[in-house]
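One structure is given here, and the rest of the page talks about it.
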Amino acid sequence: MGFPDGSKDLSSEMEVDAFRRLFPLQYFERHLAEAIRPDGRPLGKARDTTVVLGAVASANGSALVKIGSTTMLSAIKMEVMTPSLESPDEGCIAIDFHMPPICSPLVRPGRPAEAAPVVSKQLSDTISGSGIIDLKELSLVTGKAAWMAYLDVYCLDADGALFDAALLSAVAALSHLQIPAVSMNDDGKIVLVSDDDGQKQAQELVNKEKRNLTLRSIPFSLTCILHKNYILVDPTAEEESVMETVVTIALDTSGQLVSLYKPGGPVLAFTPSIQDCVALTRQRVKELKGILEEANSTMQVE
Amino acid sequence: MEIERPDGRSPNQLRPLACSRSVLHRAHGSATWAQGDTKVVAAIYGPKSGTRKNENPEKASIEVVWKPKIGQIGKAEREYEMILKRTLESICIRSIYPNTTTSVIVQVIHDDGALLPCAINAACAAFVDAGIPLRHLAVAICCSVADDGYIFLDPNKQEEEKMKAFSYLVFPNLNVSVLPERSSQEGGEPTAHGIITSVTHGAMSVDDYLHCLERGRAVSARLSEFLRKNLEPKSSSESSRAG
């Protein structure tokens with residue numbers, strides 16, 4: 001609050017932990033002045049990121065993503081449905097984001113988290129806006145049958161930059177997705193083909209074999225905190241609660257801007273800082289692309 | 001190389017604006033804001049003693065309730081509520097009424113495109129009507145980008161569906177500031193050019209976005225003027241129109 005001078009004097013007398021709790025803003029600002037963050041990262045460095053594909057055996061595609069200690073699990077389930085009359089040759093994808101009470105002390109059992117529907121909406125906007133999936137590819141028989149993909153993202157540990165981790169895990173699950181082989185039986189119904197009898201009914205198969213989805217330009221995102229003249233990349237939950245102005249930028253691999261999201265906040269964003277954030281995001285997109293490709297290639301070796 | 005818009009406007013032309021204040025008698029502050037056929041009513045109740053959920057011993061909190069024209073509140077509306085809440089929190093001087101909650105109720109009367117900017121403008125006018133101290137006003141604008149990179153301001157629903165991308169931008173409006181002459185310039189750019197809120201839908205190039213910013217800033221001055229004219233005490237009770 002309002003003890004800029006008092007706190008400076010106190011900081012030499014107080015224990016570090018007490019200072020951090022009592023004057024969180026001053027605590028962070030003294031770190032920022034030294035161009036470092038309390039967890040030892042420089043301002044422009046994101047936390048370590050890992051992607052593990054196929055974490056859920058029963059799903060058609062799944063991924064477990066960790067950015068620092070923020071953890072997201074996403075899984076895709078495919079179902080056959082009748083396509084709508086407006087788009088008879090297109091499948092459909094339904095995206096949902098869940099924040100169970102396990103993920104953060106701020107989420108109480110029985111009361112849904114405030115952030116969950118917002119992240120969920122942002123995810124579906126970004127994924128549909130970037131055109132990563134051609135919905136026509138999810139079609140089976142025009143006007144009769146198409147795939148409905150349920151993509152569910154679960155937050156297991158919420159430690160800041162939720163959207164970045166959620167988007168990365170959603171994209172990773174899509175890249176791991178295997179569309180099951182189906183055939184049409186005599187009644188005109190679509191049935192799943194199990195591996196054993198797949199050979200016998202080969203002539204009736206609607207799609208030849210299990211296949212991956214072709215992903216076009218893949219979106220990746222980066223969250224930055226704006227505080228005074230500093231830009232902090234990939235904030236933790238503590239940093240997000242102390243410094244409130246957050247900008248999330250999503251770029252796809254072809255360099256198009258898919259989303260630039262700044263919901264209010266006390267700091268105004270000017271053109272130079274926007275351009276800096278975009279440049280930081282470009283770097284991060286390259287990094288994440290490499291991480292995802294590596295995860296996919298180790299998957300194929302296995 | 002002019003591209004025709006369905007309603008015959010030029011690319012930079014806004015729809016007719018209308019704003020009236022104190023439309024509701026029981027609310028502490030209220031306003032309607034219309035851009036063409038899009039119309040929203042906002043009502044303010046508060047500051048009232050903090051409810052347990054929102055209590056903050058240092059700052060006033062704001063809660064936003066979004067009422068759609070028909071049906072239940074969905075994910076999109078929840079997102080609007082959050083954006084509106086955070087935008088309003090950034091323009092209020094929240095340390096003045098600590099430990100209180102101010103409720104903002106937004107009722108959509110008709111949605112014909114650019115709904116969120118319209119709601120932000122309405123809420124801002126309602127805040128002034130309620131006499132709640134603000135750091136500065138905010139003006140919101142929707143810019144849409146066509147396939148060939150052309151930018152159209154304030155699209156209606158029909159245009160919004162055709163466009164490849166659009167962005168909602170909120171800029172500060174501070175000709176008359178309650179703050180002392182701090183610095184109306186920041187890093188070579190006037191403060192009125194800073195972005196309070198930005199939300200985009202669809203894919204566009206970074207340059208397109210920067211063009212949107214430029215156009216948005218240019219027109220926000222005109223919107224600010226209209227808002228200020230409407231907030232002057234004389235014209236407070238009757239609505240006025242501007243092209």
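In what follows, chains carry the letters A, B, and so on, assigned in the order in which the sequence lines appear, proteins first and then strands, with residues in each chain numbered from 1.
One distance of note links NE2 of H136(B) with CG of L268(A); it measures 5.5 Å at 0.5 Å rounding. A distance of 9.0 Å separates NE2 in H201(B) from OG1 in T126(A), rounded to the nearest 0.5 Å. Summarising the geometry, atom NZ belonging to K121(A) is positioned 13.5 Å from atom CZ belonging to R78(B); distances are rounded to the nearest 0.5 Å. Expressed to the nearest 0.5 Å, how far CG of L213(B) lies from CZ of F270(A) amounts to 11.5 Å.
For the options V258(A), T248(A), V247(A), heavy-atom pairs under 4.5 Å to chain B are most numerous at V258(A). Note: S120(A) leads S120(A), A115(A), S273(A) in heavy-atom pairs under 4.5 Å with chain B. Of the listed residues I83(B), T197(B), I91(B), the one with more heavy-atom pairs under 4.5 angstrom with chain A than any other is T197(B). Between chain B and the options P117(A), P219(A), G129(A), the largest number of non-hydrogen pairs under 4.5 Å is found for P117(A).
Proximity of a side-chain donor or acceptor of K262(A) to a complementary backbone N or O of I195(B) within less than 3.5 Å is detected. Not a single donor-acceptor pair under 3.5 Å links the side chain of S90(B) to the backbone N or O of G264(A). Under the 3.5 Å distance criterion, the side-chain polar atoms of R86(B) are matched with a main-chain donor or acceptor of E244(A).
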- Message: Applying side chain to side chain contact (heavy atoms under 4.5 Å, CB included) to Q122(A) and E79(B), what does each step give before you reach the verdict?
- Response: CA-CA 8 Å; Q122(A) 252 183 296; E79(B) 192 192 20; 4.1 Å; yes
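When all heavy atoms of L260(A) and T200(B) are compared, the pair lying nearest together is N-OG1, 2.9 Å.
Only the side chain of Q275(A) comes within less than 4.5 Å of a heavy atom in chain B; its backbone stays farther off. Heavy-atom distances place both the backbone and the side chain of I196(B) under 4.5 Å from chain A. Contact of M204(B) with chain A is made through backbone and side chain together, with heavy-atom distances under 4.5 Å. Neither the backbone nor the side chain of V170(B) has a heavy atom closer than 4.5 Å to any heavy atom of chain A. Only the side chain of L251(A) comes within less than 4.5 Å of a heavy atom in chain B; its backbone stays farther off.
The contact list for residues 90-110 of chain A toward chain B, using heavy atoms and a distance under 4.5 Å, reads I95(A), D96(A) by residue number. Residues of residues 277-286 of chain A that come within less than 4.5 angstrom of chain B, heavy atom to heavy atom, are V278(A), R282(A) in numerical order.
The environment of K77(A) atom NZ is sparse: at most 12 non-hydrogen atoms of other residues, nucleotides or ligands sit within 6.0 angstrom. A 6.0 Å sphere centred on CZ of R216(A) holds more than 12 heavy atoms belonging to other residues, nucleotides or ligands.
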